[in-house]
2 protein chains.
Amino acid sequence: MIKKKKRAVTIKDIAREAGVSISTVSFAFNGTAPVAQETKDRIFEVINRLNYRPNSAARGLVTRKTNNICLFTPHPTSDFFSFSGNGVFSDLMQGIGEVLDQKDYNLLISWDTVGYKAKTPKLIRLIREQAMDGVLICLPSQDSSIINELNEHNFPLVIIGGADKSSAVNTVDVDNHEISYRVTRHLLELGHKRIAFISPGQLEFLVCEDRLEGYKEAMSDAGLKVRDDYIFIGDETESSGYRAAEAFMSLKEPPTAIVAGRDIQAVGVLEYTKEHDISVPQTLALVSFENSQLAEKHGITSITTNLYEIGKEGAKLLIKLLNRKKERAAQNMVIPSGLVVRGSSQPQSESSAPSVAASTESISVRTRSRKQ
Amino acid sequence: MIKKKKRAVTIKDIAREAGVSISTVSFAFNGTAPVAQETKDRIFEVINRLNYRPNSAARGLVTRKTNNICLFTPHPTSDFFSFSGNGVFSDLMQGIGEVLDQKDYNLLISWDTVGYKAKTPKLIRLIREQAMDGVLICLPSQDSSIINELNEHNFPLVIIGGADKSSAVNTVDVDNHEISYRVTRHLLELGHKRIAFISPGQLEFLVCEDRLEGYKEAMSDAGLKVRDDYIFIGDETESSGYRAAEAFMSLKEPPTAIVAGRDIQAVGVLEYTKEHDISVPQTLALVSFENSQLAEKHGITSITTNLYEIGKEGAKLLIKLLNRKKERAAQNMVIPSGLVVRGSSQPQSESSAPSVAASTESISVRTRSRKQ
DNA sequence: CTGAAAGCGCTTACAG
DNA sequence: CTGAAAGCGCTTACAG
């Protein structure tokens with residue numbers, strides 16, 4: 001037996017060893033044409049003995065499939081992902097990873113290096129090189145130049161998180177407008193009228209804009225005026241929540257409730273109330289988004305924004321797109337959110353007992369989709 | 001002008017449009033053979049106009065290069081990565097990402113789905129399909145079956161984080177043994193003799209084993225006995241730190257200092273001391289690993305374990321390997337760590353003033369490598 | 001059920 | 001400096 005070093009085993013090796021043609025090997029291996037059981041057995045014996053796997057480049061060249069899907073997103077430590085306390089980026093990756101693994105797709109990552117709304121040479125290069133079959137985009141705001149390039153080259157695309165519902169693109173996201181409305185509504189139902197809002201980040205981010213709008217709409221619908229001094233643009237730091245609280249509570253007419261844009265901000269608010277002996281929820285009620293461990297730990301009422309589910313459903317949708325022959329209308333999938341009520345927004349009549357979770361939907365997250 | 005829809009532009013299109021042969025296009029594009037300036041200009045005009053990029057599969061088939069490097073790691077939300085408070089996984093990805101972006105490599109991710117020390121079909125498949133040029137492994141413990149397969153196929157490999165120094169593999173890591181020794185030594189120098197240790201996780205994890213050994217060695221070197229009841233196997237939760245403190249402080253002879261295996265555990269310890277009116281550092285001194293935001297926030301003395309640097313240097317090393325013709329001895333690179341002293345381990349003579357950082361090496365992280 | 005042949009889009013000797 | 005040709009390892013009509 002001659003041992004060749006290093007060279008990878010090819011379909012020719014299998015064919016020779018099994019005494020058949022390479023087409024037969026291909027047919028057997030892929031189950032793409034009928035092959036006699038006997039020869040099939042012979043072929044697979046050799047395949048397994050030699051640990052044969054088709055070279056991905058060669059196969060990709062003819063099938064025009066790479067089995068790679070690309071995730072395009074800001075760097076993991078950028079402020080888009082830097083929600084302390086909760087692994088937003090990890091959750092997203094986990095969701096995507098689980099689906100791709102199961103479907104035998106590989107995950108290729110391309111960072112949005114140049115900052116928001118910037119040109120994106122790397123992704124564009126990958127598109128033109130046809131290095132993947134489809135792409136998953138997760139950006140703070142929509143970049144139409146990428147979307148156009150993707151469409152031109154017929155690359156299936158799903159936008160996850162921060163989806164602009166108005167465009168005819170496949171999206172998977174939480175409905176930030178709706179959940180912000182719901183969270184504000186929760187405070188209104190507790191009797192609050194002076195409700196302030198902290199934006200989770202700059203308003204250029206779609207998530208932030210949507211949450212602000214949801215808050216405003218809830219206020220208007222309740223017949224209340226939206227006051228500019230009740231709106232604070234925060235960021236990913238705890239201290240931005242602290243500063244927001246400081247600003248609000250220094251007003252002549254301070255709010256009786258705050259909608260924090262994210263849990264870490266809510267923690268900042270609590271820090272302020274502790275320092276200034278403001279009782280929560282008696283004097284100041286507090287609700288937030290994310291429902292991360294932080295919210296649980298500090299007894300903050302919060303609404304879930306499940307990045308894990310978003311990643312998972314996004315990946316699923318993309319794969320479905322890849323295996324579809326005929327085009328269909330773009331789908332906008334919304335991941336349900338559950339409001340988890342805790343001590344920070346308990347009705348005042350009830351005792352301020354340890355946090356109580358009272359949510360219907362927070363566990364069983366189902367997905368529904370609607371045509372656009 | 002005839003507009004063809006959808007078909008990607010190939011080297012043939014460029015050749016036809018520029019009136020040259022495809023070899024000349026290839027030579028010009030890759031700068032791999034001299035081409036007359038005039039024809040070169042003509043070719044590049046067409047290339048730019050048509051946005052040509054060589055098909056990656058076709059190119060990969062002949063060059064045997066994919067420009068992909070694969071990261072093999074547990075799922076991002078697995079307990080290996082679930083250090084709350086700090087984005088270990090994000091930091092790692094960030095470091096890797098920056099280097100690869102700059103060098104025009106793509107990042108392919110393969111999760112270690114089956115748990116620790118398990119068979120790993122996915123990675124093995126990618127190896128055999130030759131879907132990448134090299135791999136970066138980041139696992140809680142070494143898996144020799146993978147390493148063997150990698151070697152068989154001549155795949156360059158770098159192990160980052162959790163590296164077993166004994167084997168002849170390229171590694172990049174913090175020296176967990178040394179930093180644990182250093183951190184314990186710090187307490188010894190403050191006069192402590194009864195020092196307890198909380199393991200950051202199960203001892204099967206190399207990181208944990210190394211840190212425990214470093215602690216033990218420091219104790220022995222100081223002529224102190226290592227007591228079994230001074231060792232607690234913690235995990236990634238805050239409460240494991242709390243429970244460790246509880247166990248230690250209930251001993252007949254409680255320790256006067258604790259080495260927490262990670263910052264989140266140190267926070268748990270502080271929670272316990274607060275509840276039980278134990279003054280830190282007077283009655284109980286505390287040091288930890290990671291030097292995350294948690295350590296800073298709570299004034300905990302901690303030693304840096306820079307995953308960002310580890311990722312970065314790991315990626316750099318791997319790329320160096322890829323571009324090297326002749327083999328060289330395996331390299332073990334250690335990322336320097338800096339001890340950041342804060343209030344939790346202040347010498348008792350000094351006032352318990354707000355945290356003071358006193359570290360020489362924590363900022364300027366340089367790398368040195370040694371042959372093995 | 002099986003094989004010979006073409007072709008995917010490139011790179012790379014080899015001539016000239 | 002440029003072109004014709006072979007070949008990378010596969011899949012897929014096309015015959016038989």
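Protein chains get the first letters and strands the later ones, always in sequence-line order, with residue 1 at the start of each. Here the structure is a predicted model, which is why all the values come from computation and not from measurement.
- Between the CG atom of Asp13(A) and the P atom of dG9(D) there is a distance of 9 Å, given to the nearest Å.
- Looking at Arg59(A) and Glu129(B), no side-chain N of the basic residue comes within less than 4.0 Å of a carboxylate O on the acidic one, giving no salt bridge.
- For the pair Arg16(A) CZ and dT2(C) P, the computed distance is 19 Å after rounding to whole Å.
- Salt bridge status for Arg125(A) with Asp104(B): present, with a side-chain N to carboxylate O gap under 4.0 Å.
- Listed by residue number, the members of residues 58-68 of chain A with any heavy atom below 4.0 angstrom from DNA chain C are Leu61(A), Val62(A), Arg64(A).
- Here the side chain of Asn170(B) pairs no donor or acceptor atom with the backbone of Ala330(B) at under 3.5 angstrom.
- At a non-hydrogen distance threshold of 4.0 Å, Pro34(A), Val35(A), Ala36(A), Thr39(A) from residues 34-56 of chain A come into contact with DNA chain C.
- Going from atom CG of Asn30(B) over to atom P of dG9(C) covers 17 Å, rounded to whole Å.
- Rounded to whole Å, the distance from CD1 on Ile14(A) to C1' on dC10(D) is 13 Å.
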Under 3.5 Å, N/O pairs linking protein and nucleotides 13-16 of chain C:
none

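- For Ile22(B) and dA4(D), the CD1 to P distance is 10 Å, given to the nearest whole Å.
- A salt bridge between Glu45(A) and Arg42(A) is absent, with no side-chain N of the basic residue lying under 4.0 Å from a carboxylate O of the acidic one.
- Taking side-chain N and O atoms only, Thr10(A) has no distance below 4.0 Å to OP1 or OP2 of dG9(D).
- OP1 or OP2 of dT11(C) lies within a sub-4.0 Å distance of a side-chain N or O belonging to Ser26(B).
- Between the CG atom in Asn148(B) and the CD atom in Glu152(B) there is a gap of 7.0 Å [rounded to 0.5 Å].
- How far CD1 of Ile160(A) is from OG1 of Thr73(A): 8.0 Å, rounded to the nearest 0.5 Å.
- For Thr24(B) and dG3(D), the shortest distance from a side-chain N or O to OP1 or OP2 is below 4.0 Å.
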- Please lay out, stage by stage, how Ile319(B) and Tyr105(B) fare under the test side chain to side chain contact (heavy atoms under 4.5 Å, CB included). CA-CA 9 Å; Ile319(B) 290 178; Tyr105(B) 274 89; 3.8 Å; yes
